Amino acid sequence: MQGLPASDISSEKPNPTHQNIGAVQMRIKSANSHHDRHSQSKSMILSENVKVKEPISRHRRNHSQHNLILTDIISPKEQTVVEKEGYLLKAKIADGGKKLRKNWSTSWIVLAGGKIEFYKESKQPALANLKAGYKPEWVDLCGAHIEWTTEKSSRKNVFQITTISGNEFLLQSDIDFIILDWFHAIKNAIDRLPKEQSCTPRNLEFKLQRSSSSELLSSLSTESKEPKSEHRRSLIFRLNYSASDTNDRNRVKSRLKKFISRRPSLKTLQEKGLIKDQVFGSHLHLVCEHENSTVPLFVKRCIEAVEKRGLDVDGIYRVSGNLATIQKLRFVVNQEEKLNLDDSQWEDIHVVTGALKMFFRELPEPLFPYCFFEQFLEAIKNPDSNTRVKSIRRLVQKLPGPNRDTMKILFEHLKKIAAKESVNLMTTQSLGIVFGPTLLRPEKETGNMAVHMLYQNQIVELMLSEYNKIFSSEED
C-alpha cells in the first residue's frame, strides 16, 4: 500500500476512519452547485488543521443577484442600532442641487447607523409589505448640515437637512418637544460621524448594498472607479480648494465689484430713457409727479371706461376678469404705450376693473396712508354717527393732495355704481367688502386681521353713504 500512487488510493473503497480524518474529497459537478469551475478540482489529502475554503465570487454582478443584506457585509458587532423612529412631516426640496417643488407628506422616519430612512408607514408593517428589490428613500448624514428654518416654509417647527451631495429635506411637527428631540438626535448623529473628507470606504460599501437613490449614483460614478494615482491626487486637490482656485474666485469677485461700482445709477438710466418709470407698483405721489397731476391718468381712464359701458353690468368690481389679459394690460401701461381701453382686446369690462383694483393693491403705501390707519379705525368706532362723519371728514382733509384727490374721484365713481344697485346688484356694503382691504390696510398685520377687515369695510361703506358730507368742501 505504501508504494501505490495517490490515484490508486483514491480508487479503493473508502474507510470510515479516513472520513473522520477528513481527507478525501471528490467533488462531482452537478446542476445545484454554485461554483462549477471549482467542482472539477482534483482530490487531495488534507490534514485535520486545514479547513476547506469556499470559493469567493468577486464579480460585482453576483452580489446584486444574490440580494446580499447588511449582515453579509458587516459583522454582527457592526450592525446598526435604531436610535430613533417615529412619524414626521417630510418634504424634499432639492435633489443634487436641483430645486424641487415642495410637497409635504407624512413619513415613518428611522434614524440608525448615520443615516435616515423614510417609510410611508411604520417600519415593521412596511417591511412585511415591501416588494422584492424595494429600497426606501434615505439620507446619508456623513458631512450633512442641519439647521432650523423659517424661510423655506410657513409652517412652524421646521428644520432643514442638507447633504454633501446637494440634497435638501425639510422635517416638521406641530408638537414642540417631538421636533426638538428629533433635531437634537439627528444633530448628535451628525456630530459623531466623520467629516466629508474622511468618510470611510465602509460607508461607500454600505451605500452600494442598500441604496438606490441619486445620491448613491453620484458617489458610485466617482468613487467606485479606481482612478490612477495622478488623477486621484488632482481630484483631491480640487476638492480641497487649492490656492489657485481661491485666487480665481478672488479675481472674479474683484471684477464683479468693479462692474457694479461703474454701473450707472437708476436716475441716470431713467434720464437716458433706458428705464421708464413704472405705473403699477410705484408710490402714488411719484406717479402723479411724473404725470404732473394729482390723480393718475390710468385711474381716470379706467373710471371713464367703466362709467361708459359697465355701470349696468351684473357684479361689476366683484367679478374677476381674465388674469392673463389683466397682466397684459398692466404691461402696456407700464411700458407707456398708447392705451385705448375701447380697443377690442379690453372689451371685457371686468378686465378693466380688475386692472384698476390691481393698481391700488400694488401701491407700496395704500390710498389711505399707513400713518392714518389707526386714526380712521378710531373714528369709525365712535358710537355717534355725526361724530363719525366729522372725524372721517377731518382725516380726509389732512391727507396728501394725490391721496385726497384720487380718493375723491374714486368714491364719486363708486357712488355711481351703488346708485345702480338694482341692476348691477352692487350695494355700498358689497363695494365696502371689495375695496376695504385694498384701499385701507395696516403696515404690519397683527392677530386682529378679522376685526380690522370689518372696520375697513365699514369705513368704505360710510364714505360712500356720506360722500356729500365728507367730500363736499375742504373748508369747515
Side-chain angles (χ1 to χ4, degrees), residues 149-156 158 266-267 277-291 293-296 298-299 302 317 320 326-327 330 333-334 353-383 387-411 413-414 428-464 466-467 470-471 474:
T149 178
T150 56
E151 300 176 354
K152 301 296 179 67
S153 174
S154 59
R155 297 172 180 265
K156 70 172 185 175
V158 178
L266 178 62
K267 185 177 181 181
D277 292 328
Q278 302 288 305
V279 176
F280 283 78
S282 296
H283 286 274
L284 183 63
H285 69 277
L286 294 179
V287 177
C288 292
E289 286 177 5
H290 178 71
E291 298 176 354
S293 67
T294 57
V295 180
F298 175 69
V299 174
C302 287
Y317 284 112
S320 300
I326 293 173
Q327 291 289 358
R330 180 181 185 271
V333 174
N334 277 339
T353 57
L356 181 61
K357 289 187 292 184
M358 180 180 288
F359 170 81
F360 286 112
R361 190 165 53 246
E362 292 188 358
L363 287 174
E365 187 170 19
L367 188 61
F368 290 75
Y370 289 133
C371 58
F372 285 85
F373 179 77
E374 293 295 338
Q375 299 179 53
F376 274 99
L377 255 60
E378 291 300 325
I380 199 64
K381 291 178 184 178
N382 196 301
T387 307
R388 283 201 303 268
V389 173
K390 290 180 180 179
S391 300
I392 290 180
R393 185 166 181 266
R394 281 195 297 269
L395 290 174
V396 169
Q397 292 175 357
K398 293 179 182 178
L399 293 175
N403 297 69
R404 183 180 60 252
D405 293 348
T406 304
M407 191 181 298
K408 181 177 181 180
I409 191 174
L410 175 64
F411 276 89
H413 165 66
L414 296 180
T428 56
Q429 184 178 5
S430 301
L431 292 171
I433 293 173
V434 172
F435 281 93
T438 301
L439 304 178
L440 184 69
R441 61 181 183 270
E443 187 171 6
K444 295 181 179 180
E445 294 291 349
T446 61
N448 298 326
M449 187 182 302
V451 179
H452 285 170
M453 186 175 296
L454 177 62
Y455 290 136
Q456 291 162 350
N457 301 347
Q458 290 179 357
I459 291 171
V460 173
E461 185 178 352
L462 178 65
M463 293 179 68
L464 288 174
E466 304 293 341
Y467 173 83
I470 294 174
F471 294 99
E474 296 186 3

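Along the sequence shown, the residues carry numbers beginning at 1. If you're wondering where the values come from, they're calculated on a predicted model, not measured in any experiment.
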Using every non-hydrogen atom in the two residues, find where [X] and [Y] come nearest and quote the distance to one decimal.
X: Pro296; Y: Glu291; value: CA-OE1, 3.4 Å
X: Leu439; Y: Leu410; value: CD1-CD2, 3.8 Å
X: Pro364; Y: Arg441; value: O-NH2, 4.3 Å
X: Cys288; Y: Val295; value: SG-N, 3.9 Å
X: Ser391; Y: Ala379; value: CB-CB, 3.7 Å
X: Gln456; Y: Pro437; value: OE1-CA, 3.6 Å

Phe360 and Val299: CA distance, side-chain angles, deciding distance, side-chain contact (heavy atoms from CB on, under 4.5 Å) verdict: CA-CA 9 Å; Phe360 286 112; Val299 174; 4.2 Å; yes
Heavy-atom donor-acceptor pair, Thr406 side chain to Thr294 backbone, under 3.5 Å: yes
Under 3.5 Å: donor-acceptor pair, side chain of Arg388, backbone of Pro383: yes
How long is the gap from [atom1] on [X] to [atom2] on [Y], to the nearest 0.5 Å?
X: Ser282; Y: Asn334; atom1: OG; atom2: CG; value: 7.5 Å
X: Phe359; Y: Leu367; atom1: CZ; atom2: CG; value: 9.0 Å
X: Leu464; Y: Gln429; atom1: CG; atom2: CD; value: 12.0 Å
X: Tyr467; Y: Leu414; atom1: OH; atom2: CG; value: 10.0 Å
X: His290; Y: Ser293; atom1: NE2; atom2: OG; value: 10.0 Å
X: Phe376; Y: Leu462; atom1: CZ; atom2: CG; value: 10.5 Å

State, with a plain yes or no, whether a side-chain heavy atom of [X] is found less than 4.5 Å away from one of [Y].
X: Lys152; Y: Val158; result: no
X: Arg393; Y: Glu466; result: no
X: Pro400; Y: His285; result: no
X: Tyr317; Y: Leu356; result: yes
X: Glu443; Y: Phe373; result: no

With sequence neighbours excluded, residues passing ring-ring contact (aromatic ring centres under 6.0 Å, His included) with Phe372: none
Qualifying residues under ring-ring contact (aromatic ring centres under 6.0 Å, His included), relative to Phe411, sequence neighbours excluded: none
Chi angles and distances behind the side-chain contact (heavy atoms from CB on, under 4.5 Å) call for Arg404, Lys408: CA-CA 6 Å; Arg404 183 180 60 252; Lys408 181 177 181 180; 5.8 Å; no
Residues two or more places apart in sequence or in another chain: which of them pass salt bridge (Lys or Arg N to Asp or Glu O under 4.0 Å) with [X]?
X: Glu289; value: none
X: Glu461; value: none
X: Lys381; value: Glu378

side-chain contact (heavy atoms from CB on, under 4.5 Å) assessment of Asn403 paired with Leu284: CA-CA 7 Å; Asn403 297 69; Leu284 183 63; 4.0 Å; yes
Summary of salt bridge (Lys or Arg N to Asp or Glu O under 4.0 Å) pairs that have at least one residue in residues 355-371, sequence neighbours excluded: Arg330-Glu362
Residues Met407, Met463; criterion side-chain contact (heavy atoms from CB on, under 4.5 Å); working and verdict: CA-CA 10 Å; Met407 191 181 298; Met463 293 179 68; 3.6 Å; yes
